[in-house]
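Below: one structure, written as structure tokens.
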Amino acid sequence: MPTRRVSLGTLELNVALDGAGEPLVLVHGFPLTHAMWHAQSRALADRFWVIAPDLRGFGGSSVTRGIVTMEQMADDLAALLETLDVRTPVTLAGLSMGGYVVWEFWKRHRARVRRLILCDTRAAADTAEAAGNRRALAERALTEGPQAVVNAFLPRLVSPSTTDEQPELIAALTEMMMSAPREGLAAALRGMAQRVDATPWLPDINVPTLFIVGEDDAISTPIETQAMAAAVPGARYVEIPGAGHLSPWESPEAVTAAFREFLQ
Ligand code: MLT
């Protein structure tokens with residue numbers, strides 16, 4: 001997908017842009033880039049203006065040291081839409097950390113939202129123990145580099161069947177994770193550790209909402225996703241057979257079909 005660097009004051013975001021029509025914003029997970037949405041971007045550009053940024057600290061975007069909160073990433077997206085002169089409300093889709101950003105975007109910029117798609121994500125905040133582990137991993141990312149993050153995350157990101165049947169996907173995933181800047185990894189890990197619980201916001205969501213989860217997702221499980229879907233009025237729920245936490249990448253056709261059905 002063609003990408004462009006978009007300047008937002010002191011920050012530059014690398015953004016994949018394709019297609020024309022209604023805006024569809026795709027927000028990647030940790031520690032990935034816009035490229036994880038490759039299949040959906042290509043397919044849905046037939047009807048949508050697909051906007052898939054690399055979040056601050058990832059891919060080709062600027063890196064900020066210290067901490068980058070989910071609120072900051074949501075505000076970056078709003079600034080991006082402003083700069084791209086997007087006037088109509090968007091469909092906003094986020095996977096995992098991208099979903100945490102979606103909750104904050106909804107909270108802070110809801111006039112810009114037409115529909116929400118939450119993929120393999122959670123509304124709950126980290127427990128104190130999980131937050132502590134993340135902060136420790138942030139320190140290791142700085143000293144040891146992305147390998148520390150690959151070791152911690154890779155075994156849980158995809159379903160066992162993906163590991164067995166799609167070795168090329170695991171290789172591409174590892175390469176993408178290994179190319180993440182260590183300062184970007186640490187800043188996002190610290191930001192995720194201090195994110196707030198979005199669960200109380202769910203009953204107030206009043207735009208069409210779709211939840212997608214891989215059947216074998218070990219990080220944001222189907223049971224937890226069903227509970228979120230039950231809390232959002234009128235939300236739809238789609239489970240992707242044989243996929244794990246990276247369902248759009250592991251089962252691209254099934255996830256694109258779920259998007260299409262919802263977007264019709
Ligand atoms: C992600 O895929 O973005 C991460 O698994 C999010 C997390 O670690 O909570």
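Each ligand, and each atom within it, is numbered from 1 in the order the structure gives. Predicted model, so just to flag it, every value in this text is computed and none were measured. For the single chain, residues carry numbers from 1 onward in sequence order.
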Would you tabulate the side-chain donor-acceptor contacts of residues 173-193 under 3.5 Å, counting partners in other chains and residues two or more places apart, or write 'none'?
from, atom 1, to, atom 2, distance (Å)
Thr174, OG1, Ile170, O, 2.7
Ser179, OG, Met176, O, 2.8
Arg182, NH1, Leu142, O, 3.0
Arg182, NH1, Thr143, O, 3.4
Glu183, OE2, Arg65, NH1, 3.0
Arg190, NH1, Gly66, O, 2.6
Arg190, NH2, Glu139, OE2, 3.0

I'd like the contact residues of ligand 1, where contact means a heavy atom below 4.0 Å. Gly29, Phe30, Ser96, Met97, Tyr100, Arg134, Phe153, Met192, Ile219, His245
Taking the side chain as C-beta and beyond, is there a heavy-atom pair between Asp18 and Ser41 under 4.5 Å? no
Give a yes or no on this: more than 12 heavy atoms of other residues, nucleotides or ligands lie within 6.0 Å of atom CD of Glu129. no
If the threshold is 4.0 Å, N to carboxylate O, is there a salt bridge linking Arg114 and Glu22? yes
Can you sort out the partners of Phe262 under ring-ring contact (aromatic ring centres under 6.0 Å, His included), two or more places apart, ordered by chain and number? none
Listed pairs under 3.5 Å, donor-acceptor, residues 95-104 side chains, sequence neighbours left out:
from, atom 1, to, atom 2, distance (Å)
Ser96, OG, His245, NE2, 2.8
Trp103, NE1, Arg122, O, 2.9

